[in-house]
Amino acid sequence: MRRFFPLSFVLAAGVAATAGWADQIGNADTGAVLFGDCSGCHEVGAGAQNGIGPHLNGLFGRPAGGLDGYFYSSGLARMGGEGLVWDLTTLNAYIENPRALVSGTRMSFGGWEDPQERADVLAYLRRYSDDPANIPEAAPTARVSEVDLAPDILAIQGDPAYGEYLASDCKTCHQQDGSDAGIPSITRWPVEDFVVAMHAYKQKLRPHPVMQMQAGRLSDEEIAALAAYFKDLE
Amino acid sequence: MTINRRRFIGTAVAGSAALSAPMVMADGHAKPRVVVVGGGAGGATAARYVAKDSEGAIDVTLIEPSRAYYTCFFSNLYIGGFQEMASLGHSYGTLASAYGINVVHDWATGVDRDAKTVALAGGGSVPYDRLILSPGIDFIDGSVEGWSQAAQTAMPHAYKGGTQAELLKAQVMAMPEGGTFAMVAPPNPYRCPPGPYERISMVAHLLKKTNPTAKILVADPKEKFSKMALFQEGWNDHYAGMIDWVGSDFGGADVSVRPDAMEVVIDGEVTKVDAANVIPAMKAGLIVERAGLTEGNWAPVVPATMQSRMDENIHILGDATSQGDMPKSGYSANSQAKVAAMAVRGALTGSRVFPAKFSNTCWSLIDANDGVKVGATYEATEEKIAKVDGFISETGESDDLRKATYEESLGWYAGITADMFG
Ligand SMILES: Cc1cc2nc3c(=O)[nH]c(=O)nc-3n(C[C@H](O)[C@H](O)[C@H](O)COP(=O)(O)OP(=O)(O)OC[C@H]3O[C@@H](n4cnc5c(N)ncnc54)[C@H](O)[C@@H]3O)c2cc1C
């Protein structure tokens, strides 16, 4: 289950080393206040129960979708099956943009843009995990967003006609009409979500060998072309 | 499909390019004509993509004898009881009604490459500007001593879609308690490298439930096979003591069968069996050979366009080709079809042509919720379709991952059949 985890962690570390992220762990007390945005759905601490969302005790080190007694979206359950484990890196990516990490999650939260806010909330949640061994106290390694993309990569205007040809390779598995049994839908994603997700596979941060391989051979322009094509697909 | 701005621009570009291209074809016919022989993984996909993307600018005819295509993929899951036969059948109705493809239910019996026509068994012939052949495989006579097509009722191959798989399953179900099932596995290269071993797994799954003391004997002319470590691990875990695999080092290549007596002879040793599955050596579908496009058993192609190396007006897809590193699979045929469709449109209407990209993934089911997969990406080089990168499931994976892999294969099946038949 965890066979992809060490790899993605090492790569994330490589990215982070050059990314210049703040190297302090977040402020848990500030995080406790920020958690007010989450507490409508999630409980944490003594006696926490599953509610609209799963409880968050023991979150670090838990496989995604891994809590017995909570009914997860198929998207989250699938990512868990494929080896997504919650740690500082993956949680940071998830609360930055939930849908970009887990297609089809039911968590209706837009995400925190500010890396400091994310770090603070995670520092708070960390208090309720018994064994946060995978969270180095002051390591820059654990402080990356899902992928660190240069603004000019996100700014590339994709060529939808090229995207249409490239997309024929995707459609062997991903159905154009948006059906998502067994394999997620990739139709009509916002361009940025699509680009970020593909780069996350390319950097082997997302745990799926077929997608890592497919994304691995695509150039930045080709990823932008696919995003431009799938954005308006009917 | 509505005409949005992007589509409008795309058509305008194609239109202006077409002005400078010869719009009037050789015999004065107004629209270029594409004829596709074989409505399987390669042919149905190619017909659909040419028709869909040319938006009426190309006349597409699909020649296929069957009214419904029964996929070989998932036929092993049917044997194992995980799929219904009815759900493996797909009609050509949408290709005709929604994509305007002229579907002709007949056999192609020959190709006149000078006149550029395809002869039909029912009489008459169909002219083409570009011909796409995707007829799948045929069996090599005499490759398993004692077996011929005449014996396929006693000892089915179940390696083409439809009734053969039903026959094989019925024979497995009818085995006496503690009886023996034998498989003669094929030599390389053949369609679906993991196919025989997924089949062994599914027969074992069925027998474990209905006839747990039954035995499975496999005679294999190869020393090793696709996903071997994964299958052997699964056979040990799920079907311990049931399967006896005899590879070439132990005489598995020295095999003959006696269909009348229901006997299989491996390395001189005669075994009486209750059901037998003989998968003979394979070659390209006969029509390719008749058209004079084979070298040895297969049809060599130009990787970038899937054109025959012997005739630039003919593209050949799927199992029938020799192209390099891609395995003969439905996924591969579907992938090659999209490259060919793009090349054909480029040649006939001047539409944009991009560098060829190919990929393949083959899922196999070992037992309930125990799925594995192998796959790779490929590119076109001068001499062959060359592998770029690949992956394979690992031994010892968690139950969750194996279950997710199986569920993914169901998604793939829905995806590829929608991609073939619309
Ligand atoms: C048991 C089994 C399991 C498999 N599992 C998988 C799997 O899980 N995944 C995967 O990707 N692949 C799988 N395959 C392989 C896959 O079925 C083939 O590789 C694929 O069908 C090849 O496509 P094709 O277009 O070359 O031929 P086909 O799909 O066989 O299509 C050929 C068509 O041409 C028609 N035809 C032949 N000759 C003529 C003629 N003269 N005139 C007109 N029509 C003609 C035939 O009727 C047929 O419909 C499996 C195969 C088997 C046997």
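Note: hydrogens, waters and symmetry copies are ignored here, and every other heavy atom, side chains too, is used. Throughout, a chain's letter reflects where its sequence line sits, starting with A, and its residues are numbered from 1.
In this structure, A:Y94 has its ring center under 6.0 Å from that of A:W86. Aromatic ring centres of B:H90 and B:F421: separated by under 6.0 Å.
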Tell me which donor-acceptor pairs under 3.5 Å the side chains of residues 166-174 of chain A have, and how far apart each pair is, sequence neighbours excluded?
| unit_1 | atom_1 | unit_2 | atom_2 | d |
| --- | --- | --- | --- | --- |
| A:S168 | OG | A:Y165 | O | 2.7 |
| A:D169 | OD1 | B:S359 | OG | 2.7 |
| A:D169 | OD2 | A:R217 | NH2 | 2.6 |
| A:D169 | OD2 | B:S359 | OG | 3.2 |
| A:K171 | NZ | A:Q176 | OE1 | 3.0 |
| A:K171 | NZ | A:Y229 | OH | 2.7 |
| A:T172 | OG1 | B:N334 | OD1 | 2.7 |
| A:T172 | OG1 | B:K338 | NZ | 2.8 |
| A:H174 | ND1 | A:P184 | O | 2.7 |

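Heavy-atom pairs under 4.5 Å with chain A were tallied for B:D389, B:V339, B:T361; the largest tally goes to B:D389. Note: B:F391 leads B:F391, B:W412, B:Y413 in heavy-atom pairs under 4.5 Å with chain A. Note on B:A341, B:P355, B:S409: by heavy-atom pairs under 4.5 Å with chain A, the leading option is B:P355. For the options B:A404, B:A376, B:G390, heavy-atom pairs under 4.5 Å to chain A are most numerous at B:A376.
Of the two parts of B:A414, the backbone and the side chain both hold a non-hydrogen atom closer than 4.5 Å to a non-hydrogen atom of chain A. Only the side chain of B:S335 comes within contact range of chain A, judged by heavy atoms closer than 4.5 Å.
For A:D180, the side chain to side chain contact (heavy atoms under 4.5 Å, CB included) partners at least two apart in sequence or on another chain are A:S185.
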Practice task
Show your reasoning for whether salt bridge (Lys or Arg N to Asp or Glu O under 4.0 Å) applies to A:R118 and A:E96.
Solution key: CA-CA 7 Å; A:R118 297 198 299 274; A:E96 179 179 8; 3.8 Å; yes

